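Structure, as structure tokens:
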Amino acid sequence: MNKEKALRFATGLVLDRTLKYIDKDPATNIIKLVNMAEKLSGKTFPKKVFDSFRTALRDENNVWFDYAMKFVNDVDRENLKKMFLSFALGAGYHGTKAVRENREKYKCNIPFIILLDPTSACNLKCKGCWSAEYGHKFNLSYEELDSIVSQGVELGTHLYMFTGGEPLIRKNDILKLCRKHPNCTFLAYTNATLVDQKFCDDMKDVGNLALAISIEGSEETNDYRRGDGAYETSVKALDLLQKNGCLYGISVCYTAKNIDEVTSDEFLDLMISKGVKFGLYFNYMPVGTNADVELIPSPEQRTFMYNWLKTVRNSKTGKPMFVMDFQNDGEYVGGCIAGGRNYFHINSAGDMEPCVFVHFSDANIRTHTLLEALKSPLFIAFHHNQPFNDNHLRPCPMLENPDYLRKIIKVTGAKSTDLVNQEGVENLCAKCDKFSKEWQPVADKLWAENKHPNPKTQYYRDTAEAMKEKLDDLVR
């Protein structure tokens, strides 16, 4: 038994004992889980992170105490154990250290997360979704999926998210991958049409797979974008997942048309009653030749989202569901996380893209390794240029800083990876110019008037190496 497997076995034994007594004294034993996670992490994460968890869990009036109680009571215990081992031990302990070491070793971005599309196929046709145009033409084989995960683990990446297309069209291969890599955590974004009892049984069996169900507000607003009956399908899937003690959340694309509904108390309370543990919120991006720019949230709506996040996560007045917004939470991660800084995307044709919304590439898994892609001109341009704005409420090189993406694509020569209608960078960025111009003064005012966390991010621009270089005007 190697060192990693031995540590997993020993941690599993301790977890079994802790979970066994969770019903007798939930608060005490949940704190033991926090202590265990802190011990496993060594000095990977600051002590104050774990202290804040313990403080919340000692206060029965704290929203996060309520959340923790729901978490341990709702999720199947064996599922909870396997997820803890894959996430806290695999991603948190082994993964974080390796990622940081390899960033120094290879002098490029190394991601914590890889998004990948097992297939372009989808059984829905949602408005504003580029995948609706792709059809059933493109797939990554199981061997390719396995190679991506195996290469990723070597670099330290232990978190994998399946997008698409509808990834559960390939659910047998996804489950096979989960079984082969128990030290990794997997999540699938899904329209829920293929969630049935057999799949719930399989999810609990592998233990390291979670779902993010696509649902957006009321039945009216959801089905406007996703088609008649989509809301009912998602709600039925939530009920089935809850009955089986699976781990799942929701995926919400917020647009100019649905923002009131997806942030309403009624919607959140319903999701919490359905056992939802997390909400992943995405700002609508005008990607694809048929994208509707009218769906881009306005500056006023973005401001609302920024303030709403602080309210919904407040420990006294918030909701017992963890919500994050990949656009408005930029201040917590030091701006743009794409290009492998925290994540990148692989589409169903094997193209390695810096972001799920930036459909350009200069490397493919069929001709390049993951490390070769991370050291390619396109990914290095992201590495050298991040953050794209010191105001992390304007993190994106496409939506908020479109001139950056124009320059990067021009200098690197990266090609469009749209699988049907190739979209040039000028056409894409032109759809973002108006919002970018309007958002700038609003975002700068918000940034100046609020306190912000310091994620202590090390950017390439601040290194001694970068200081010595005569950098292209693309960079500064």
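These numbers come from the heavy atoms of this one structure, side chains and all, not from hydrogens, waters or symmetry mates. Given the structure is predicted, the values throughout are model-derived calculations rather than measurements.
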Review point. Are a donor atom and an acceptor atom from the side chains of S416 and D418 found within less than 3.5 Å of each other?
Key: no

Review point. Side chains of E400 and Q327: do they bring a donor and an acceptor to under 3.5 Å?
Key: yes

Check your understanding: Parallel, tilted or perpendicular: which describes the rings of H392 and Y459, with under 30° parallel and over 60° perpendicular?
Key -> tilted

Practice item. Give the ring-plane orientation class for F304 versus W308, where under 30° counts as parallel, over 60° as perpendicular and anything between as tilted. Key: parallel

Check your understanding: Under a 4.0 Å N-O cut-off, is there an ion pair linking E38 with R54?
Key -> yes

Practice item. Mark yes when over 12 heavy atoms from residues, nucleotides or ligands other than Q458 sit less than 6.0 Å from its CD; otherwise mark no. Key: yes

Check your understanding: Using a distance-only test with no angle check, is there a side-chain donor-acceptor pair under 3.5 angstrom linking T289 and E423?
Key -> no

Practice item. Establish, from distance only, whether the side-chain atoms of T233 and T193 form a donor-acceptor pair under 3.5 Å. Key: no

Review point. Taking atom types as modelled, is there a side-chain donor on N314 or T317 under 3.5 Å from an acceptor on the other?
Key: yes

Review point. Can you tell me if CZ on F53 sees more than 12 non-hydrogen neighbours from other groups inside 6.0 Å?
Key: no

Review point. Do F278 and F322 make the cut of ring centroids closer than 6.0 angstrom?
Key: no

Point to revise | E60 atom CD, neighbour heavy-atom count above 12 within 6.0 Å | key: no

Review point. Within a reach of under 6.0 Å around CZ of F87, are more than 12 heavy atoms found that belong to other residues, nucleotides or ligands?
Key: no

Check your understanding: Salt bridge or not for E331 and R394, using N-O below 4.0 Å?
Key -> no

Check your understanding: Is the closest basic N to carboxylate O distance between D76 and K82 below 4.0 Å?
Key -> no

Point to revise | Distance-only side-chain donor-acceptor flag, D117 / H345, under 3.5 Å | key: yes

Review point. Just by distance, with hydrogens left out, do T119 and N139 show a side-chain donor and acceptor under 3.5 Å apart?
Key: yes

Exercise for review: Would you tell me whether D325 and Y306 have side-chain atoms, one donor and one acceptor, within less than 3.5 Å of each other?
Suggested key: no

**Study point:** Evaluation steps, ring pair (Phe, Tyr, Trp, His ring centres under 6.0 Å), between F379 and F344
**Key:** CA-CA 9 Å; F379 279 75; F344 72 94; 5.5 Å; yes

